[in-house]
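These numbers come from a predicted model, not from an experiment. So you know, we letter chains A, B, ... as the sequences are listed, proteins then strands, and number each from 1.
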Number of protein chains: 2
Amino acid sequence: MRIGQLAELVGVDTQTIRFYERQGLLPSPDRQENGYRVYTEEHSERLAFICRCRILDLSLAEIHELQRYQDDPHQPCAAVNALLDDHISHVRSQITALQALEKQLVSLRASCNDGREVEACGVLAGISEGSMHQQ
Amino acid sequence: MRIGQLAELVGVDTQTIRFYERQGLLPSPDRQENGYRVYTEEHSERLAFICRCRILDLSLAEIHELQRYQDDPHQPCAAVNALLDDHISHVRSQITALQALEKQLVSLRASCNDGREVEACGVLAGISEGSMHQQ
DNA sequence: TTAAAACCATATAGTCACTATAAGGTCAAC
DNA sequence: GTTGACCTTATAGTGACTATATGGTTTTAA
């Protein structure tokens with residue numbers, strides 16, 4: 001399988017595949033005589049794993065860590081679970097921060113209606129005043 | 001006021017101040033004979049405005065746009081409100097996406113308990129399977 | 001047969017909003 | 001006169017790609 005076919009199969013850009021290879025997430029495939037990369041099914045599984053991790057918003061470093069666990073299958077899996085727990089905490093604190101931000105933005109927005117001049121804009125006044133609450 | 005004092009006053013790094021100047025968000029200040037930047041109170045207000053916008057997670061491009069409105073105070077302010085509305089939508093869709101992600105992660109995490117070997121880890125199996133729901 | 005298109009390769013720069021580092025000039029205090 | 005704190009510029013790094021430039025190869029169509 002060449003890189004374009006792999007890209008099509010998994011639904012990734014060919015550039016991204018080469019990028020993952022450079023980052024050490026995808027093993028370097030064999031090459032044809034002309035230098036074209038040749039991929040096996042193992043590569044496509046590995047790439048699909050990476051993509052699913054990215055959908056879960058895991059960083060490339062975290063994916064790398066998961067791969068190291070996979071390559072040593074007789075370790076206890078507590079570390080995998082801990083990685084996921086940390087990631088869940090991370091996502092939750094992002095949500096909390098964004099919810100606080102949303103509140104602040106909505107209250108700022110409520111301080112103006114359309115049909116004013118910029119000079120009298122409640123939104124701009126609200127930002128310009130030092131009265132903003134830190135999150 | 002020199003750059004270090006401005007940085008102290010507003011609570012920003014000196015590098016960040018120079019960065020904002022290069023980006024065109026902060027006007028180039030006058031210089032002393034030795035080349036040191038000299039800031040006025042107008043600069044500190046402008047910088048504080050930028051910082052408060054950044055706390056609201058507005059992009060530098062959006063801040064630039066707001067500055068253009070400020071520099072032309074007799075326009076209607078509907079565009080300012082629209083900018084904020086767009087930003088609120090953006091934040092809300094981030095929240096929605098993260099909440100969906102959290103759900104997915106929590107259900108993945110529930111598929112494993114500690115004390116297994118990596119080989120039998122429910123989390124890794126869950127990611128490896130193609131059964132993941134797209135968000 | 002040849003010429004265009006589709007594919008492959010590498011290397012490099014751009015995105016965003018900084019942050020870090022290097023290498024050096026200026027100034028006040030001791 | 002030298003130490004330390006401050007200032008200057010320029011350049012590179014962050015993360016995870018994405019875009020562009022330039023050129024080689026293969027396939028397809030006229």
Which pairs would a plain distance check flag for residues 6-24 of chain A, meaning a side-chain donor or acceptor within less than 3.5 Å of a matching protein atom at least two apart in sequence or in another chain?
unit_1	atom_1	unit_2	atom_2	d
A/Asp13	OD1	A/Gln15	N	2.8
A/Glu21	OE1	A/Arg37	NE	2.8
A/Glu21	OE2	A/Ser28	OG	3.3

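The separation between B/Ile3 atom CD1 and D/dT9 atom P is 9 Å, rounded to whole Å. Distance A/Arg54 CZ to D/dG15 C1': 9 Å, rounded to the nearest Å. Rounded to an integer number of Å, the gap from CG of B/Asn34 to P of C/dG24 is 19 Å. As rounded to whole Å, 14 Å separates atom C1' of C/dA9 from atom CD1 of A/Ile17. What separates CZ of A/Phe19 from P of D/dT18 is a distance of 9 Å, to the nearest Å.
Taking 4.0 angstrom as the limit, B/Arg22 places none of its side-chain polar atoms (N or O) nearer than this to OP1 or OP2 of D/dT11. For D/dT9, the OP1/OP2 oxygens have a side-chain nitrogen or oxygen of B/Arg31 closer than 4.0 Å. B/Arg2 has no side-chain polar atom (N or O) that falls below the 4.0 Å cut-off from OP1 or OP2 of D/dC6.
Bending across the helix from C/dT1-D/dA30 to C/dC30-D/dG1, expressed as the angle between its end axes from five pairs apiece, amounts to 30° (10° rounding).
B/His90 places none of its side-chain heavy atoms less than 4.5 Å from the side chain of B/Asp86. B/Leu98 places none of its side-chain heavy atoms less than 4.5 Å from the side chain of B/Glu102.
Contact annotation: side chain of B/Gln23 to base of C/dA17, donor-acceptor pair absent below 3.5 Å.
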